[in-house]
Undergrad: 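Have a look at this one.
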Amino acid sequence: MDKHLFIINPTAGKKDASAPLIEKIRALPDSENVSYALTKAPGHAKTLVREALSALVPGDRLRVYACGGDGTLFEVVNGGAGHPAFAVTAVPFGSGNDFIKTFPDYTKEDFLDLPRLTQGPLHRIDSLKVGEYTSLNIISAGFDAEVCRYMVKYKDLPLVSGSMAYKLALIDAVIKNRRNFFRLLADGEEIEDGSHPHLFAIAANGCYYGGGFKASPTSRPDDGWMDVITVPSVSVFQFARFVGIYRRGEHIDNPAMPFVKHSVRRSLQICSPNEVTLNVDGEMIAMRDPVITLDPQSVDVILPAKK
């Protein structure tokens, strides 16, 4: 039997959308198997998922709906990843909501259609592992991680959208964080020796991050590979030219961007003399010489039912 749990982050987005959302949840059929909970603090969503999974009886499945942004989804995934009865999806109310853009056959409105979502099929996808964390989307180091850090001071400003917050954070980071020294090993092979500075390195399972940047246009979340993309340190002039191309996802195999390197791999280690700050699906996590690995066919994602 399917159990449906909606985990609502009332602080996601520009305003609290929990009241109208709860009305829609209460109107769903099969109400005895539908529940909801509001998060009260960072990390609470993870706890709620684990408690719900521990209360399941054999034969039941828990379908969890992360109602918020990519941060809420990250917490929910890390509460349930690895449990055989766990399935997850996003109900997008946050400032970014980048993960769902990886599924081009669906719109944001499709994921907001609760009756279709609760009746939707499961689609098994790959995930990325780093340390104790699971990522459905993108893990990055260097410039991108610093952009994520700077976004914190912009995303809650009035009239500043998720994409605008990312652009403002870009300006901060391009001035301060264009030179990052990494030694990179992909599938055990050294692909960068660490002697030259990098703008960033990413390992991608999904396509989009940063409020709509198509960072890894060739990624497919169910193909058994992660895309590794590295970009060396560039001048401000080069960056100004690069950023628009990068946002549109036109940087891979682009003759105008020969410095962009792309390959498909199953692991990536990022080595540095200091701790490496990672952007893991929008969460800032510092680690020593982190190893990112692909975990194929490891998470069930709920997609909206077709109309």
Undergrad: I'd like to know whether the aromatic ring centres of Phe99 and Phe111 sit less than 6.0 Å apart in this structure.
TA: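 For Phe99 and Phe111, the ring centres are not under 6.0 Å apart.
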Undergrad: State whether Phe6 and Lys24 meet the cation-pi test: NZ (Lys) or CZ (Arg) under 6.0 Å from the six-membered ring centroid, and within 45° of the perpendicular axis.
TA: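 Cation-pi check for Lys24 and Phe6: fails.
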Undergrad: Quiz question: by atom type and distance under 3.5 Å, do the side chains of Asp222 and His123 form a donor-acceptor pair?
TA: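 Checked: Asp222/His123 side chains pair up, N/O donor to acceptor below 3.5 Å.
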Undergrad: Using the ring pair (Phe, Tyr, Trp, His ring centres under 6.0 Å) rule, pick out the option among Tyr246, Phe213, Phe259 that qualifies with His251.
TA: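 It is Tyr246, the one option of Tyr246, Phe213, Phe259 that forms the ring pair (Phe, Tyr, Trp, His ring centres under 6.0 Å) with His251.
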Undergrad: Cation over ring, Arg266 on Trp225, under 6.0 Å and within 45°?
TA: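 Here Arg266 passes the 6.0 Å and 45° test against Trp225.
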Undergrad: Do we see a donor-acceptor contact under 3.5 Å between the side chains of Ser127 and Ser298?
TA: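 There is such a pair (donor and acceptor under 3.5 Å, judged by atom type) between the side chains of Ser127 and Ser298.
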Undergrad: Do Lys3 and Asn33 have side-chain atoms, one donor and one acceptor, less than 3.5 Å apart?
TA: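 Result is yes, a qualifying pair exists.
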Undergrad: Is the closest side-chain donor-acceptor distance between Ser135 and Asn137 under 3.5 Å?
TA: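 Checked: Ser135/Asn137 side chains show no N/O donor-acceptor pair below 3.5 Å.
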Undergrad: Is it true that Ser195 and Asp193 share a donor-acceptor pair across their side chains at a distance under 3.5 Å?
TA: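 There is such a pair (donor and acceptor under 3.5 Å, judged by atom type) between the side chains of Asp193 and Ser195.
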Undergrad: Within the supplied structure, the quantity of interest is the number of heavy atoms (other residues, nucleotides, ligands) at a distance under 6.0 Å from Arg241 CZ; does it exceed 12?
TA: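 No.
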Undergrad: Just by distance, with hydrogens left out, do Tyr65 and Arg63 show a side-chain donor and acceptor under 3.5 Å apart?
TA: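 Yes, side-chain donor-acceptor contact under 3.5 Å.
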Undergrad: Taking 4.0 angstrom as the limit, do Arg265 and Asp227 come out as a salt bridge?
TA: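 No.
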Undergrad: Please determine whether a side-chain nitrogen of the Lys or Arg among Lys261 and Glu192 lies less than 4.0 Å from a carboxylate oxygen of the Asp or Glu.
TA: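 The answer is yes: the pair qualifies as a salt bridge.
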